[in-house]
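In what follows, a single structure is set out as structure tokens and then discussed.
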Amino acid sequence: MSDFYALLTRMKNIERWALMRCNVKENVLEHTAIVAFISHSLGMINNKIYNGNIDCNLLVTISLFHESSEVLTGDLPTPIKYYNSSINSAYKELESLANEKLIGSLPTEFREDYTTILNYDKDSYEYKLCKSADKIAAYIKSAEEVKSGNSEFNNAKKSLYKSITEIDLPEVKYFIANFLPSFEKDLDNITL
């Protein structure tokens, strides 16, 4: 018997933005789905606009599992996670141990495949796209909160916008120019 998938579904119980007052709560499972959508679009942009060869299915898979360790660690707020190199290093070690525990909960036949997914090559282009999508998703959440009147997210929105515009990947720049402005619109102004 394996607890792997039962653990993963618990991402819905892990609240993001724990240090912030949110008008709309967001859990890790919701965030993961948004990151997967954005990752897929970045892969498609790579392939269709820049004649690349990204495996979009692999990219979405990596994105769906990018926060898996949090079912065991919880979501550590960014200001704490990146406070200093010692904390960041310790947290990366904790994430690695959590991923090992998750992989260990799988039947032997599946462990190699999920090891590849959960410990995907951090230097790969796919991983860079996933991390970019992660930042874009955080920006979108901040923009939505500000749009709904929550000034608590003003600084986060500005900081995250600066962060995503500094990402030196053409797919990200294309996404920012062509898709990001729609997130500032209300439903009545989105063209259907």
Side-chain angles (χ1 to χ4, degrees), residues 4-5 8 11 14 16 26 28-73 75-78 81-82 85 87-103 106 110-143 156-183:
F4 183 77
Y5 295 106
L8 289 181
M11 285 195 273
I14 302 165
R16 288 179 46 83
E26 180 183 57
V28 173
L29 189 59
E30 293 166 327
H31 165 73
T32 298
I34 293 166
V35 171
F37 293 149
I38 296 167
S39 289
H40 187 267
S41 72
L42 295 177
M44 293 293 288
I45 292 165
N46 174 281
N47 293 341
K48 301 291 185 181
I49 304 300
Y50 299 107
N51 298 312
N53 62 348
I54 293 293
D55 179 342
C56 291
N57 293 329
L58 173 62
L59 182 54
V60 168
T61 301
I62 294 164
S63 299
L64 286 172
F65 289 92
H66 86 280
E67 303 281 23
S68 296
S69 65
E70 291 187 6
V71 298
L72 299 176
T73 68
D75 181 39
L76 188 64
T78 297
K81 192 184 300 185
Y82 297 104
S85 60
I87 291 173
N88 186 251
S89 178
Y91 191 71
K92 285 183 188 298
E93 177 68 21
L94 183 59
E95 285 178 322
S96 179
L97 290 171
N99 281 339
E100 285 178 33
K101 182 112 173 118
L102 283 169
I103 292 163
L106 284 161
F110 300 105
R111 290 181 185 170
E112 184 179 340
D113 294 311
Y114 280 99
T115 298
T116 301
I117 294 166
L118 295 182
N119 298 313
Y120 201 75
D121 178 7
K122 307 289 190 255
D123 294 323
S124 71
Y125 204 74
E126 291 86 357
Y127 188 79
K128 290 175 185 172
L129 292 176
C130 176
K131 291 309 286 181
S132 298
D134 194 24
K135 285 184 183 181
I136 292 168
Y139 169 78
I140 291 168
K141 170 61 177 166
S142 297
K157 180 184 175 190
K158 287 177 193 164
S159 173
L160 285 162
Y161 186 77
K162 181 179 186 300
S163 176
I164 64 173
T165 58
E166 291 174 348
I167 297 171
D168 193 24
L169 298 175
E171 301 86 352
V172 172
K173 295 187 184 318
Y174 185 96
F175 186 94
I176 290 169
N178 293 281
F179 296 110
L180 204 59
S182 292
F183 289 93

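Residue indices begin at 1 and follow the sequence shown.
For the pair Y114 and N99, the minimum side-chain heavy-atom distance is 4.5 Å or more. Taking the side chain as every heavy atom from C-beta outward, L180 and Y139 approach each other to under 4.5 Å.
Pairs passing the salt bridge (charged side-chain N to carboxylate O under 4.0 Å, His left out) check and including a residue from residues 158-183, sequence neighbours excluded, read K162-E166. Identified under the ring-ring contact (aromatic ring centres under 6.0 Å, His included) test for residues 28-62, with sequence neighbours left out: H31-H66. Among residue pairs with one or both ends in residues 56-72, those qualifying as salt bridge (charged side-chain N to carboxylate O under 4.0 Å, His left out) are R16-E67; sequence neighbours excluded. The salt bridge (charged side-chain N to carboxylate O under 4.0 Å, His left out) analysis of residues 112-124, with sequence neighbours excluded, yields no pairs.
Note that CD1 of I136 is 7.0 Å distant from OG of S41, once rounded to the nearest 0.5 Å. Remark: I164 CD1 to I176 CD1 distance equals 4.0 Å, nearest 0.5 Å. The line from CD of E100 to OG of S69 is 11.5 Å long, rounded to the nearest 0.5 Å.
If you check the side chains of Y91 and T73, you find a donor sitting under 3.5 Å from an acceptor.
Taking each heavy atom of L102 and V71 in turn, the nearest pair found is CD2-CG2, 3.9 Å. Residues A98 and L72 approach most closely at O-CD1, 3.5 Å, considering heavy atoms.
By the side chain to side chain contact (heavy atoms under 4.5 Å, CB included) test, N88 is found to be paired with K81, Y82, K92, residues two or more places apart in sequence or in another chain being considered. In this view, K157 and E184 satisfy the salt bridge (charged side-chain N to carboxylate O under 4.0 Å, His left out) rule, not counting sequence neighbours. For D134, the salt bridge (charged side-chain N to carboxylate O under 4.0 Å, His left out) criterion is met by K131, not counting sequence neighbours. Legend: residues meeting side chain to side chain contact (heavy atoms under 4.5 Å, CB included) with T115, ordered by chain and number and at least two apart, are I103, N119. Partners of Y174 according to the side-chain hydrogen bond (donor to acceptor under 3.5 Å, both in side chains) rule, which considers only residues two or more places apart in sequence or in another chain, do not exist here. Applying the ring-ring contact (aromatic ring centres under 6.0 Å, His included) test to F183 and every residue at least two apart in sequence or in another chain returns nothing. S96 is linked by a side-chain hydrogen bond (donor to acceptor under 3.5 Å, both in side chains) to nothing, counting only residues two or more places apart in sequence or in another chain.
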Should Y125 and N46 be marked as a side chain to side chain contact (heavy atoms under 4.5 Å, CB included) after you check the CA-CA gap, both sets of side-chain angles, and the distance that decides it? CA-CA 10 Å; Y125 204 74; N46 174 281; 3.7 Å; yes

Sequence neighbours left out, cut at 3.5 Å: what donor-acceptor pairs do the side chains of residues 56-65 make with other protein atoms?
residue	atom	partner	partner atom	Å
T61	OG1	N57	O	2.8
S63	OG	S39	OG	2.6
S63	OG	L59	O	2.9

